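Reviewing the structure listed below.
Since this is a predicted model, take the numbers as computed values, not measurements.
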Protein chains: 2
Amino acid sequence: MANVKLLEYLSPLIPDSAESVSLLVSHFEHKVLQKGDIVLKEGEICTAFYFVESGHLRTCYNKEGVKINMHFHLEGSITSDHINGKAGIPSEFTIEAGEKSEIWVLNRETLVELCHADPKIMIFGRRLLSRILVDLSAHSNLFRMYTPAERYQYIEKNSPHLLQRVSLSNLASYLGMNRRTLTRIRAKK
Amino acid sequence: MANVKLLEYLSPLIPDSAESVSLLVSHFEHKVLQKGDIVLKEGEICTAFYFVESGHLRTCYNKEGVKINMHFHLEGSITSDHINGKAGIPSEFTIEAGEKSEIWVLNRETLVELCHADPKIMIFGRRLLSRILVDLSAHSNLFRMYTPAERYQYIEKNSPHLLQRVSLSNLASYLGMNRRTLTRIRAKK
DNA sequence: ATAATTTTGAGACTTTTGTCTCATAACGAA
DNA sequence: TTCGTTATGAGACAAAAGTCTCAAAATTAT
């Protein structure tokens with residue numbers, strides 16, 4: 001039940017206080033997932049944050065029966081369909097394990113309660129939200145401003161590990177191109 | 001110096017209090033823009049929110065010398081490069097008037113000060129931010145999940161007025177396609 | 001109103017991307 | 001290790017999107 005990555009992620013977000021950190025950590029629920037295990041299903045309301053301790057989660061949606069990947073979250077990152085979840089809107093996304101994974105789940109309601117109970121956790125809550133939104137917005141700008149081929153080059157340069165972890169078909173749908181096109185891009189060069 | 005749209009936008013976001021509303025409104029700066037006038041230039045740090053009272057603003061970036069449109073904000077909506085601006089990061093975007101426009105500018109610093117001075121404005125501030133982020137995230141999901149052609153159909157259905165206001169070339173770059181392709185889409189049907 | 005400028009639609013051609021297919025390679029389970 | 005399943009690379013063709021171009025509208029300024 002490792003939580004090294006979790007602590008690494010939380011520490012910079014919470015004012016230094018052993019009690020607050022351990023109070024916070026104690027409310028994360030540990031889960032072990034096999035490849036394909038679903039964390040959030042399309043149509044459900046997202047009620048939690050999912051931190052990846054090991055393995056990875058993929059967020060995808062259904063496009064005329066085909067699964068299209070929106071995000072991959074490797075170990076050390078956190079995901080959620082927070083904006084819709086908070087508003088009580090069913091998610092269009094499914095979040096599932098892309099491989100055997102260990103995750104830590106923090107219920108949104110629980111976090112709200114902790115925020116009221118502990119001002120340091122309140123600060124954490126704000127920083128967490130802000131970080132999630134900043135990451136999300138950076139990610140979506142990247143996808144808006146780059147062509148599929150540029151996205152591939154970006155990934156190659158900035159998170160090459162992802163290429164080892166995700167199948168070509170999954171990567172292709174993530175980049176917004178056909179598998180054949182991705183093969184071509186890799187072929188030349 | 002009309003502010004009808006501005007009041008319409010602010011009212012639902014601020015707890016009922018004539019004083020707070022008028023305090024807030026008094027800190028918006030009125031500007032009249034001619035087509036092409038620049039509100040925020042690529043490379044500058046965005047320090048304000050821009051509310052469109054009439055006309056529209058376009059947000060674009062430079063892609064190898066070509067201007068690509070990211071957003072159009074028609075009258076009654078608000079825009080900003082808030083996330084980067086807040087972090088002190090120079091914007092990659094230029095925001096300019098797409099036609100003769102009237103806008104209301106609210107400085108971010110000013111808003112922060114008002115938040116400290118008036119708890120009702122604090123509530124407003126939170127709601128404003130949340131609304132901006134929700135809109136942004138909905139918009140970017142839409143662009144991520146739809147093909148260029150589907151985006152056109154979406155606009156046609158949900159904001160047909162935009163088609164009357166923006167030139168085909170500008171619309172095409174907004175939708176992520178070539179002008180020729182947009183012409184083809186409109187031709188069939 | 002008239003001239004100058006900008007925008008538009010569409011033909012002809014090129015390039016890119018997608019579909020279908022299949023043999024080979026890699027992987028997972030018994 | 002072996003068998004069955006899934007992933008990969010690539011050929012052949014089809015479809016879609018992009019480039020270049022230009023004449024006809026539409027818009028703007030004088």
Under 3.5 Å, is there any donor-acceptor pair linking the side chain of B:Arg184 to the base of C:dG9? no
Whole-Å distance, B:Arg179 CZ to D:dA16 C1', equals 18 Å
- If we ignore angles and hydrogens, is there a donor and acceptor under 3.5 Å between the side chains of B:Tyr152 and B:Arg186? yes
Rounded to whole Å, CG of A:Leu182 lies from C1' of C:dG18 at a distance of 13 Å
Item to check | Basic-acidic side-chain contact under 4.0 Å: A:Lys31, A:Glu102 | outcome: no
In whole angstroms, the gap separating P of C:dG9 from CD1 of B:Ile185 amounts to 13 Å
query: Do we see a donor-acceptor contact under 3.5 Å between the side chains of A:Asn84 and A:Ser91?
result: no
Between NZ of B:Lys100 and P of D:dT27 the distance, given in whole Å, is 19 Å
A:Arg186 atom CZ is separated from C:dT17 atom C1', nearest whole Å, by 18 Å
From NZ of B:Lys35 across to P of C:dT6 the rounded distance in Å is 10 Å
_Under a 3.5 Å threshold, yes or no: a donor from one side chain and an acceptor from the other, between A:His56 and A:Glu75?_
no
Which of D:dA10, C:dG9, D:dT8 is nearest the side chain of A:Ala187? It is D:dA10
Closest of C:dA10, D:dG11, C:dT8 to the A:Arg180 side chain is D:dG11
Rounded to whole Å, CD of B:Gln164 lies from P of C:dT8 at a distance of 11 Å
So, does B:Thr181 get its side chain near the phosphate of D:dG18, meaning an N or O under 4.0 Å from OP1 or OP2? yes
In whole angstroms, the gap separating C1' of D:dA10 from CG of A:Asn178 amounts to 13 Å
